[in-house]
Structure formats: C-alpha cells, structure tokens
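Below is one structure, written out as structure tokens, with a few remarks after it.
Here the structure is a predicted model, which is why all the values come from computation and not from measurement. Just follow the structure's listing: the first ligand is 1, and inside any ligand the first atom is 1.
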Amino acid sequence: MGTALIYDEEMTKYKLLWVDPACKIEVPERLTVSYEALKNSGLADRCVSVPVREATDEDILLVHSEEYLEAVKKTPYMTLEDLKEFTLQYGDVYFHPNIYHCAKLAAGASLQLVDSVMTGKVRNGMALVRPPGHHSMRSAASGFCVFNNVAIAAQYAKLKHGVKRVLIVDWDVHHGQGVQYSFEDDPGVLYFSWHRYEHQKFWPQLRESDYDNVGKEKGEGFNINVPWNKVGMKNSDYLSVFCHMLLPVAYEFNPDLVLVCAGFDSAIGDPEGEMCASPDIFAHLTHLLMNLAGGKVCAVLEGGYNLTSLPQSVCQTVHTLLGDPAPRPANLDGPCESALESLHCSRSAHRKYWSCLKHAAEHPSSDVSTKRLKLAEEEEKVENGEEKEKAEEEVWPEPPKRVTAPVRTALVLPDGVSCPDRCKLFSSSKDPVIVNKLRENFPRDAADSDALTTLSSLVALVEKMEKNEICNGLALVQDVSMAMTCVVQHAAIALSNRVLVVCVGDVLVPAHYKEDGTILLVHFSNKEEEQKSKYHIPVCLKKGCSDVSGFMQAVLGLLLPLGYEYDPSLVLLARTPDSGLCDGAWQQLTGLLQGLAQGHTLVLLQEGERAYVGPTASSLLGEAAPSVGKIKAPLLEDVESMEGLRTRLQVDWKLLQTTAPETG
Ligand SMILES: NCCCNCCCCCC(O)(O)C(F)(F)F
Ligand SMILES: [Zn+2]
C-alpha cells in the first residue's frame, strides 16, 4: 500500500495584511517551498495524490463551539479594519478574507488523510496544510491556528471509523495547548508533546504546558508534556525522549491510529525553535512510529519557518513514509543535562500511570524547584552577556541523498524452500576468492559443500549490501552460529566499519570476536550472563523472549538507544528456534532495527524455522509489523536487571541515560 500526499495550492492564498511582528513568519511560501521540494525530489510522484475537501460544519463542531464557528464564518465579508478588530481578541494569530476557506481545507485535508488510511486505500500519508491547527481551542484562534486540524481528525477517526485509541505525537517545537485541552479527560486519545518552554518564559507561557500536567479525570496519564527548558536541543535529545518516554508508553497504549502534529520548527535554523536537530532526524522519528497501529500514520503539517530546513524535513518525513530506509543518524553524542532533567521529570510524573515507567526513579520534587531557580538565575546572567547569533545564520549539511537500493530484500534459501514474492532469491556465483577464504577459515566445514555454498552466498550478499545494490537480506542456514561467525568475520574486515549483532535465543555467540568496537553484540536470552565488556551486552529476561512486555521494553529502552549511538553499517539479526519469541515481537524487532545502518539488515534463521521466512520477509520489505497488543508490566526482576544493566552501561553509552547525572 502507498503513501498519500494531500496538498492544494488554495491554502497558499492568504497572508498577513498588516504589520504584526508576531505573525510575519507565517507566510504562504512555507507551503510552496515544501511542495516544490517534494515535486523536485520525485517524492510527490511516488505518493498517492488525494484531493482536499472542505471540512463541514459538523466536522468542525467535533472540536469547536458554534459561536466560534459562526464568528469565523463572518470573516470573509469583513473589511481590513474589521479583520484587525476581530483578530485582537486572540493571541499571535491573524485573519484574512480567505483564511476561513483555507482553514476548512486544512481541516478537510486532515480528514481526507484519515479516510484514506482507515479505509486501507493507503498505508500512511502526509497533509501539507496551512493554517496550522494545534493551538486553536474550542472557542478561540491562537498561534496562527484557526481550526484544530489534528484534534478534529482524532474525533473524526473515533466517530466515523470506530477507532478506540488514537496516539497524537506533536513534534512541533510549540506546545499544542489546543490539543491538550481537547483531550485531557479522554483516555482514548494519548497526546504527547515536547516544546520549547524555558520554565514558562516561552510562548504560550502556560503553566499547564509543564511535565506535571498529565491529564485529568479519566484522562489522567494520557497527556504527556516534555518541556525543553533550554534551546539548542539536538538529535540525541529527541531520540532519547522517543526511546525512553514516548515509545514505551505508546507500545503500552497500543493505538489503532497515529496522528502526527508534524511541525518542523523543532529543526535547526528555525527562528522560533532555536533548536539544533538536523532535518534527517525526522526520518528516524517517523520510522520509530511506523510499527505502531499497523503502520497507520497520518502526518499533518503544523509549524516550520526556516524555508530551507522546513522542506528538507518534510522530504525526510515523506521519504520514510514511503518506506525508504533512513540515513545513518548524525553525531549522536548523548542528551544534554537539561533534556535529561525534563525526561526524568516527565517519566516520574507518569510513573503511576504506565507500567513501563513504574520503576523510573522517583524524582524528589524539592530539588526540582531549587534547580529551576538556579537555572533561571544562570540564564539571566548568560542572556545579558553574549549576543545570541540568529537562528537564520545557522548552517548545516544538506541531508544525505537517500538512494533506494535496486533490490530491497534478497533471500539465501536451501533448495525446496519457496521464495516469498517481491523478494529476490540470491546465490553467489561461487566466487573462487570467497570460497578459498572460507576454506581457510572454516576447514572443518569446508567438506560440507552445502555449508560452503551458503556461506559464500552470505558473504557475497553482505558485499552487495555494502554497495547498496541490495538493501537487506534473509538466510535460512543449518548452523546460525557458524553463519554468524562467518559474516561477522567477513563484515568486520570488509566493512572495516561497525556491525551490530543482535542474537535472540541461545545462539552460540562468536567466541573470538575482537574487542575493538567493530562488533557490538546484544544477546537476548533467559540465561544470566556476566557482561563481558562494553561491546558484549547480554540482556537476560527471566522468562526469555516469550515475555513480550519485557522483551519490547528491552528493545525500546536498551537496544534502540545502543544501536543508534553505535551507528553500525550493518545489522546482523540472528534467532534460534528455542528463543520463544512470538511472531509479532520478532517482526517489531526486525522493523525497528531497519532504522539503523541505512536499512542494511541481514537476518539469519535456523533451517527448521522456515515458517518465519514469510513474516520476516514482509518486515524486511518494509511492511508494518503487526501490533503486539497492549504491553503489560514487565517482570519486576527483569526490570531490575535491565535498570541495573542501564546503570552500568550508561557510563559508556550516553543514550541509555534517563536522568541527569547528580550534580553537586
Ligand atoms: N517570535 C514570534 C512569536 C510567535 N508566537 C506565536 C508562535 C505560534 C507558533 C505556531 C506553530 O508553529 O506552533 C504552529 F504549528 F501552530 F504553526
Ligand atoms: Zn510550532
């Protein structure tokens, strides 16, 4: 299934008609440069074009009051003076004779997107709209927003498509207070937002945007705020919050639909956000959401004011929605102290609502306030001192070209095993160089020509992946350990780069691999094992991988952060029949890991597990993994051992941190 793209140039036909410094950044060019970038890169033509429609009164009244709608209906007939007058009653927003029409199109576009995804016409999609929506409230416009596009879409999905649980991820750099107000008492809508806050000094300067606003009544726990109390947040800060806050809760919530308030003012260069995350981070944020809700992800444009980073971020998002592997993440040097502080506070505030956070360390409330005071004082000093250079002058490298490999998924299968469609059967040309090298390294197995054939095919496959001629692969082998050793040896030498090896079940890990960081081995099993070193990490789950909750929490909170920080050029994923891992969790793992190494994932399955060829291939082809259902509380002893592992590892692996290091 494809990716919908919803855009209509009518939404560029309104603009600010008077002088207002607060609103001048919201210009029609935001939409035109974004759409042009999608056209010029060929991405638009790869999408399914879905037309906009006007939201009806009924649609709009799902969120807004009649009096507000009636008032907005009058604006097309207002004089300039009346429009100015009308605008004064709201904050940081402007009206225009054509904005009501465009606001109906923006909301209608979001509903068209929900329809296309919920009816299975497409798998996911993006709506490029203006005016944006997430600030507008039941009876008020705010922050360039007139109707709350995403809030209307969420209510519409519940009403028209019987969706029970909607996850709204708001990665715009401003707090979507309008969305929070709409759903704060609704356990059927989980709203997650990070936003520039600076201890309530940044617009809209609301006390209820802080981390302790968790929702109310039946909606308690279903509103997550992660305030950024400093500017300059980077890729590591964003990935940390996804891995340690959003994703664990999202998997526990188990949504039927994911809506994204896709604002890109959280990217580098934006005058509003003043953050430092690079545009390609949105490829990873999008990828990390795509195995939720069976892949039903609807991204709706919100903010984004730098006319260079905005189109780049939009393209990164659409590339990933189309299934193209994400580029390797740029310099992840660990979250900053302020981000860890916010992450910790948010996790603590939600401890009692989410079992995945139940063991998040308690945060003594006292020292937050003193800390807050201290930080605020420090900031005063800094501001008066140096002149902040303008965000517009920031420069950053163009996101790397995302070339799709000619072959997506290649399979090495023994005779008689059928190859799933859309996969390419692969066997090496019995390259004598490879065969001879194998004879040297595997004298005992050299006799067995089948093994030799398989191994030489594997080595040839890894070489094709390295050249990006093939994206990912799967092999059914007699002996997973031996195959893994062979690939590891070859990869470490040939790739002269880094290989992440993920073992599920009791695979005999390559004994003699070097300790030089060319291999990072993460081994999931139910056997207590001493952690050998920084690069050999045993993750012990009491009930092994049959405990989906423990396994998924370990994947999200340990494996993903490790993998991102390690930034391998190849991911080798091996499982053995005894692993006990269920299909869903296995496909989630295979799906999530494709966010690394430009999607170069090689899966090794034991001969006897040919039943896994199909499901694994579908995940390698980029199909969303089936949901694993509502994640329950992991076993206490598993949580304790994982927290212990995290504490030991975070010295070397900064993306594992979830709390600010204790400062004096
Ligand atoms: N320095 C100018 C002050 C601007 N203050 C208002 C900011 C509104 C942000 C709107 C947005 O980006 O959140 C949306 F997604 F809604 F468009
Ligand atoms: Zn914004």
Side-chain angles (χ1 to χ4, degrees), residues 11-12 14-16 18-31 33-34 63 87-88 90-96 99 102-103 106-107 109-110 126-137 140-153 168-182 191-198 200-206 209 225-228 231 233 238 259-275 277 282 285 299-307 309-310 313-314 317 388 390-392:
M11 288 182 277
T12 66
Y14 78 91
K15 63 183 181 181
L16 182 58
W18 51 78
V19 174
D20 176 357
C23 296
K24 70 176 191 303
I25 51 175
E26 206 296 305
V27 294
E29 289 71 21
R30 297 179 52 237
L31 228 42
V33 299
S34 300
V63 167
T87 298
L88 286 180
Y90 306 116
D92 286 26
V93 63
Y94 64 87
F95 279 81
H96 175 283
I99 198 169
C102 295
S110 313
M126 173 147 211
L128 278 184
V129 301
R130 67 186 278 273
H134 69 156
H135 298 301
S136 60
M137 293 158 272
S142 167
F144 316 152
C145 304
V146 176
F147 298 139
N148 201 315
N149 307 318
V150 168
I152 293 169
I168 300 177
V169 178
D170 189 336
W171 68 45
D172 185 283
V173 86
H174 298 91
H175 181 221
Q177 84 280 26
V179 183
Q180 172 168 304
Y181 298 150
S182 295
Y191 178 57
F192 167 91
S193 171
W194 60 40
H195 33 271
R196 183 176 172 180
Y197 189 59
E198 290 173 302
Q200 206 175 330
K201 279 184 358 215
F202 188 72
W203 189 93
Q205 297 174 290
L206 298 170
S209 302
N225 286 330
V226 178
W228 300 127
V231 291
M233 293 300 165
Y238 290 5
L259 302 180
V260 182
C261 288
F264 298 104
D265 42 16
S266 38
I268 189 166
D270 193 279
E272 278 294 299
E274 295 187 76
M275 299 298 172
F282 295 104
L285 302 185
V300 180
L301 180 68
E302 293 279 3
Y305 307 98
N306 178 304
L307 301 184
S309 64
L310 169 61
S313 305
V314 166
T317 303
K388 288 186 293 177
K390 288 175 61 57
E392 305 302 76

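With a 4.0 Å cut-off on non-hydrogen atoms, His134 touches ligand 1 through its side chain and not its backbone. Using a 4.0 Å cut-off between heavy atoms, Val173 makes no contact with ligand 1 at all.
Taking distance alone, with nitrogen or oxygen atoms compared against 3.5 Å, His174 approaches ligand 1 more closely than that limit. Not a single N or O atom of Trp203, backbone or side chain, sits closer than 3.5 Å to an N or O atom of ligand 1.
Taking the six-membered ring for Trp, Trp171 and Phe282 have ring centres closer than 6.0 Å.
Exactly one of Asn225, Val226, Val173 qualifies for a side chain to side chain contact (heavy atoms under 4.5 Å, CB included) with His195. That residue is Asn225.
Coordination check, Asp265 versus the Zn ion (ligand 2): passed, since an N/O/S atom of the residue sits under 2.8 Å. Under 2.8 Å from the Zn ion (ligand 2) lies no N/O/S atom of Glu272, from backbone or side chain alike. Residue contacts to the Zn ion (ligand 2): His174 brings an N, O or S atom closer than 2.8 Å.
Within the 4.5 Å cutoff, the side chain of Cys145 has no heavy atoms near those of the Pro131 side chain. Considering only heavy atoms from C-beta on, Met275 comes within 4.5 Å of Tyr238 through its side chain.
Ring planes of His174 and Trp203: perpendicular class, angle over 60° (limits at 30 and 60°).
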